[in-house]
Amino acid sequence: MSVALENRLTMLSMDPLTTTEEESTLAASDYANLTAHLQADTAGTMAGQRVVIVGGGVIGLMTALYLTRAGARVELFEAESLGAAASGRNAGGIYAFGRAIGEVALARASMDLWEDLTLGGLDSHFHRPGHAMIALNDHERGLLDMAERHYALAGLPTRRLTPDEAVAVLPGVSPDNAGALMGTTDGQGYPFTAVSSIIAELRAAGAIIRDHCRVQSVIERGGQARGVRSALGVTEADHVILCAGPWLAGFSESAGCNLAVRPRRSQIMVTERIAGMENFPFVSGNRVYARRTHAGNIMIGGGGPWEQDGYNVTSSYEALSFLGKHMSELFPGLAGAPIIRAFAGTVELTADHFPLFGPAPSMEGLWISAGYNGHGFGLCAAMGRLTVDLIRSGSDGVPLPAAVSAVVGEFGPDRFNARQGKQP
Amino acid sequence: MNDHMICRCEDVTASDVRAAIDAGACNAQEVKMRTRAGMGPCQGRVCRPAVEAMVGVSGEGVLQSTSSMTVHLPIRPVSLQDLVIIREQ
């Protein structure tokens, strides 16, 4: 009699049983085509266009950065503090390994852009220590073996670790692990400095940033978005981009479609600085994930359907003890590590776990970039850059390049009006 | 005064806090996000009053937001193992 073994690889969004080899192979060519497209210089392509961005999280800020570099005159509104909701309360993961195959090309391109931005002076602490997903039973080991094949077809480099190799590479990991698979190019960054650095470049380039200023409505005349209304009055614009994350649903009426994002709490806790962990990669398994910050603390997180829906960002003992239990099983060597801080953020979930990215159906000049399912920090560079192409496809009649529509073509924000998503 | 240590845990000086305020931080939480003040082992028990006072005297912009530095669990450091015990009780 066989005992059903649990799958606790909650960071493996790709289902290796239903993903096809064709899809995986396509992810490799999508990435190659996208990379070639991203070589194009966008400077000046949006010269003179006035753009209002609603939302000062990392999606709105990164979008503002790429639009400003393309010459647009950007004015960004944030209802509260900049980069302070999920954008400042996440683990800083910038990776592709573990992602659903339909997101891999985009995630890889976004890692490359983060690297470019950092080489260009952005203070992001971006580096690529990799992401090791750790199996604790044979079922999980089998899933990782299948995932290895799919990611290889997708062109994403991985390395298989035997249980003994895992112990050598991952200090403190359970000696009873069943091996690991590591995405060797996966990266991470530090949200606080990244956000501050983007803000500094935007201000230096003349973009206007209005924090603690809530947008009340989108202004429409003659079927065209003309700007927004806020406490400051009317701000005119040629384009309005909604980057409001978990608060996007409030704009459904303006957008003319059901912008169904579900807010869910996600909690993280942080250890004291721990010496001797300098090469610690991002790790996941046993329903949790962890990473080392540049300062030397270990962050431990891992939400899931058991978490509360809504905007509550207080920490719960239930979640902290859940994280403590599962992390100390996966990494017994860290069981004595002192936890100094815990915090919670709000992730926004879509029904099919893919973003909402594209034109709003209600009016010309209204665009949506949100619904990133907790992947926004990693994806923001690619999504910000591709928003330049998106807006040009509307305003200049420049068709969306095939390399771009191949990776974002399925993300139309009105797709849930036509039919129900794959899986809630 | 600029070399005065505000946050001993994270080595943040008064001039660091001043620079954050000048760059647009308009409450203590925003100063923390820009400087790491309050993010070390004592979690702001030492630096919180100083950061809040510096934000409070900076004038422009402060009244837009009254958010103070967030107080996070746990109040004192506990180990992962201690958290497991909480779960089992």
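All heavy atoms count here, side chains included; hydrogens, waters and symmetry mates do not. All values derive from a computational prediction rather than experimental measurement.
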**Student:** When only pairs under 4.5 Å are counted, which of A:Ala295, A:Ala335, A:Pro338 shares the most heavy-atom pairs with chain B?
**Tutor:**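 Most pairs with chain B among the choices: A:Ala335.
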
**Student:** Is the CZ atom of B:Arg45 crowded by more than 12 outside heavy atoms at less than 6.0 Å?
**Tutor:** yes

**Student:** Using a cut-off of under 4.5 Å on heavy-atom pairs, state which of A:Cys213, A:Ala337, A:Ser328 scores highest against chain B.
**Tutor:**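 When all of A:Cys213, A:Ala337, A:Ser328 are compared, A:Ala337 has the most.
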
**Student:** Where is the tightest heavy-atom contact between A:Arg203 and B:Gly24, given as atom of each residue plus distance?
**Tutor:** NH1-CA, 4.5 Å

**Student:** To the nearest 0.5 Å, tell me how far A:Tyr190 OH sits from B:Arg36 CZ.
**Tutor:**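 Going from the OH atom of A:Tyr190 to the CZ atom of B:Arg36 covers 4.0 Å.
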
**Student:** Determine whether a donor-acceptor pair (N or O, by modelled atom type, separation under 3.5 Å) exists between the side chain of A:Arg341 and the backbone of B:Gln43.
**Tutor:** no

**Student:** Report yes if the side chains of B:Arg34 and A:Ile199 come closer than 4.5 Å at any heavy-atom pair, otherwise no.
**Tutor:** yes

**Student:** Got B:Leu83 and A:Met269 here, is their nearest side-chain heavy-atom distance under 4.5 Å?
**Tutor:** yes

**Student:** Do you know the tightest heavy-atom contact between B:Pro41 and A:Glu272?
**Tutor:** CB-OE2, 4.3 Å

**Student:** With a 4.5 Å cut-off on heavy-atom pairs, point out which of A:Arg273, A:Met327, A:Glu80 contacts chain B the most.
**Tutor:** A:Arg273

**Student:** Taking C-beta and beyond as the side chain, do A:His212 and B:Cys26 meet within less than 4.5 Å on heavy atoms?
**Tutor:**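 The answer is yes; the side chains approach within 4.5 Å.
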
**Student:** Which heavy atom of A:Gly336 sits nearest a heavy atom of B:Ser79, and at what distance?
**Tutor:** O-CB, 3.7 Å

**Student:** Which pair of non-hydrogen atoms, one from A:Leu334 and one from B:Leu80, has the smallest distance, and what is that distance?
**Tutor:** O-CD1, 3.9 Å

**Student:** So, do B:Glu30 and A:Asp211 sit near enough that their side-chain heavy atoms are less than 4.5 Å apart?
**Tutor:**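 Heavy-atom side-chain distance check passes, below 4.5 Å.
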
